[in-house]
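For reference, the structure discussed in these notes is given below.
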2 protein chains.
Amino acid sequence: MNDTPATEKIYTACLLIIGNEILSGRTVDANLPFLAKRLNEIGVRLKEVRVVADSEPAIVKAVNEVRVACDYVFTTGGIGPTHDDITSGCVAKAFGTVLERNAEAVRRLERHYPPGSLNEARLRMAEIPVGATLIDNPVSTAPGFKLGNVHVMAGVPRIMQAMFEGIAPSLVGGKPVMMRSVSCTLGEGVLAKGLGEIQARYPHVDIGSYPYYRVGGFGVSLVARGTDPKELETVAQEIAALIKTLGGTPVFDGTT
Amino acid sequence: MNDTPATEKIYTACLLIIGNEILSGRTVDANLPFLAKRLNEIGVRLKEVRVVADSEPAIVKAVNEVRVACDYVFTTGGIGPTHDDITSGCVAKAFGTVLERNAEAVRRLERHYPPGSLNEARLRMAEIPVGATLIDNPVSTAPGFKLGNVHVMAGVPRIMQAMFEGIAPSLVGGKPVMMRSVSCTLGEGVLAKGLGEIQARYPHVDIGSYPYYRVGGFGVSLVARGTDPKELETVAQEIAALIKTLGGTPVFDGTT
């Protein structure tokens, strides 16, 4: 018996990271970890992430593949004023629509920029797909937008995070996803059999085994994720008991 | 006229990051930046990255989609001894083959583990798809493997990096991809028009514009990537001249 009926809807999301700078290794993405954690809190599971180049065919294809596979799609990057900012047009194309100069977006940019500095390049940031609604940008004004289930946001983490917090209250999710972690210095191979048995007994909990190498030696973190805090606590205790049975010392790493 | 004929083959790669721990935000991936930089040196462009869950249908689908789209596929994660390590079986399935207990992999594990400790869970790490060749693991022994153009590697960065260095000499690429970066504190929107004109004149160079917010203010890095160092230098100088023309101070950020 379980509080979570098997038919309860699992809300899913995909993150589409758009930008050559991530694929070239120049920039290390920081939006994935932020979004993953915030979505856990909202009860939405990040199901897939794709990083695609600043290429129209690649972006259009990816948008159309993921928007039917997930409840929510979030994109980051490519909505600035320069030649490599092509996300808005690609999302419009993916939806079979076109860009238009959005009057409200123009008004916001007009208020933001000093007189005379709102040039054609900056006005490109007011080109929004027909039918989209704006996503506020409290950091640097130029808005993102939502079209269907696709949320188009900036790539700069500070702006992306501010945009996300603006739309977060509108996202419908399930129960928050929580995590409980227990570590030890036993080998994964020693734990594997017993851990698999615990996983089999708790199908609503996702148990992961993550070996690490740190200064001072190696070890493994055993992480239980799920929506029922009591069940997570039970699983964590069973994992700790398994570790003790095998001669190890369980360390509880805290909760999220 | 250009040293790089338009018909020169561009070698491409896709990275498939397999693991719930990345999608949950628990673990921040470190393999993408490493692989991206090493591939630049080898003359292979990282064209796409996907992060997928520990789910057989998701992994099989992703493997089959990316292996036809790129010259090389690299996977990280999911080849350990625990229940959530399902990558090897999924890759076998994607290729229409099956796992077999690989005799050479067993021999390596037998040499590595103390007598009596090579249990069934650890022997799972010797289950390799029929037709695959092993990838050495000088850190913790359990091998990766190569099947077709798919290179299956561990997720722990230290092991992944060691595995990659073992196979790197076998990868065929084009000219190394280099980078030249110039920064300034002008707004992107001020630079956009001139920058687009430079990009149009140098189609073999990929120019990106990346705004940043740091302590002390905001700015933008203008990054030129390509395979011809002389052309990159020319582009960097033109970008610097553009910055000066617009009243800014160009800062050369170094090369890679």
Side-chain angles (χ1 to χ4, degrees), chain A residues 17 19-29 32-37 40 45-54 58 80-85 113 117 119-122 124-125 139 156 158 177 179 181 188-193 195-196 199-200 206-213 223 225, chain B residues 17 19-29 32-37 40 45-54 58 80-85 113 117 119-122 124-125 139 156 158 177 179 181 188-193 195-196 199-200 206-213 223 225:
Chain A
I17 299 170
N20 293 349
E21 72 275 25
I22 308 292
L23 293 171
S24 73
R26 182 200 171 267
T27 302
V28 177
D29 167 75
L32 192 175
F34 169 83
L35 188 70
K37 287 176 185 173
N40 286 339
R45 320 277 175 117
L46 188 58
K47 184 179 161 186
E48 185 176 344
V49 177
R50 295 193 190 184
V51 189
V52 295
D54 299 326
T82 54
H83 64 276
D84 55 335
D85 290 306
Y113 287 102
S117 67
N119 58 24
E120 271 305 306
R122 284 172 168 154
R124 276 190 68 219
M125 297 190 289
V139 175
V156 175
R158 194 176 135 196
V177 182
M179 188 151 62
S181 175
E188 270 196 301
V190 174
L191 292 155
K193 184 166 176 286
L195 202 65
Q199 175 68 85
D206 167 39
I207 304 177
S209 171
Y210 308 121
Y212 60 77
Y213 293 84
V223 178
R225 294 178 71 237
Chain B
I17 299 170
N20 293 349
E21 71 277 25
I22 309 292
L23 293 171
S24 73
R26 181 200 171 267
T27 302
V28 177
D29 167 75
L32 192 174
F34 169 82
L35 188 70
K37 288 176 183 172
N40 286 338
R45 319 278 175 116
L46 187 58
K47 185 179 160 185
E48 185 175 342
V49 178
R50 296 195 191 184
V51 189
V52 295
D54 299 326
T82 53
H83 65 276
D84 55 335
D85 290 306
Y113 287 103
S117 66
N119 59 23
E120 271 305 305
R122 284 173 168 152
R124 277 191 67 218
M125 298 190 288
V139 176
V156 175
R158 195 176 135 195
V177 183
M179 190 151 60
S181 174
E188 270 196 302
V190 174
L191 292 155
K193 184 166 176 284
L195 201 65
Q199 176 67 87
D206 168 40
I207 304 176
S209 170
Y210 308 122
Y212 60 77
Y213 292 84
V223 178
R225 295 178 70 237

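Because the structure is a prediction, the values reported are computed rather than measured. Just so it is clear: chains get the letters A, B, ... in the order the sequence lines come, proteins before strands, and each one is counted from 1.
- Considering every non-hydrogen atom in both B/S24 and A/N40, the closest pair reads O-ND2, 3.0 Å.
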Q: Evaluate the criterion side chain to side chain contact (heavy atoms under 4.5 Å, CB included) for residue pair A/R50 and B/V49; output intermediate values, then yes/no.
A: CA-CA 6 Å; A/R50 295 193 190 184; B/V49 178; over 6 Å; no
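- With chain B as partner, the option from A/I17, A/V190, A/V52 having the largest number of non-hydrogen pairs under 4.5 angstrom is A/V190.
- Judged as a side chain to side chain contact (heavy atoms under 4.5 Å, CB included), and not counting sequence neighbours, the contacts of A/V139 are A/N137, A/R158, A/I159, A/A162, B/Y213.
- A/I207 touches chain B through backbone and side chain together, each having a heavy atom under 4.5 Å away.
- Residue contact with chain B, scored on non-hydrogen atoms closer than 4.5 Å, involves the backbone and the side chain of A/I22 alike.
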Run the side chain to side chain contact (heavy atoms under 4.5 Å, CB included) check on B/Y212 and A/V156 step by step: do they pass? CA-CA 7 Å; B/Y212 60 77; A/V156 175; over 6 Å; no
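- Applying the salt bridge (Lys or Arg N to Asp or Glu O under 4.0 Å) rule to B/R225 yields the partners B/D206; only residues at least two apart in sequence or on another chain are considered.
- A distance-only check finds a donor-acceptor pair linking the side chain of A/D84 to the backbone of B/S209 [under 3.5 Å].
- For the set A/V28, A/N20, A/D29, A/L191, the count of heavy-atom pairs under 4.5 angstrom toward chain B peaks at A/N20.
- Of the listed residues B/L23, B/T27, B/L46, the one with more heavy-atom pairs under 4.5 angstrom with chain A than any other is B/L23.
- Looking only at heavy-atom pairs under 4.5 Å with chain B, the residue among A/A192, A/A53, A/G196, A/P81 that has the most is A/P81.
- Among the candidates A/G25, A/A200, A/G189, the residue making the largest number of heavy-atom pairs closer than 4.5 Å to chain B is A/G189.
- Both the backbone and the side chain of A/E188 come within contact range of chain B, with heavy atoms under 4.5 Å apart.
- When each of A/K193, A/K47, A/M125, A/R124 is scored by its heavy-atom pairs under 4.5 Å with chain B, the top score falls to A/K47.
- Across all non-hydrogen atoms, the minimal contact from B/S117 to B/Y113 is OG-CB, 3.4 Å.
- Salt bridge A/R122/A/E120: absent, no basic N to carboxylate O contact under 4.0 Å.
- Only the side chain of A/D85 comes within less than 4.5 Å of a heavy atom in chain B; its backbone stays farther off.
- Looking at A/L32, the atoms closer than 4.5 Å to chain B (heavy atoms on both sides) all sit in the side chain, from C-beta outward.
- Between chain B and the options A/Q199, A/R45, A/R26, heavy-atom pairs under 4.5 Å are most frequent for A/R26.
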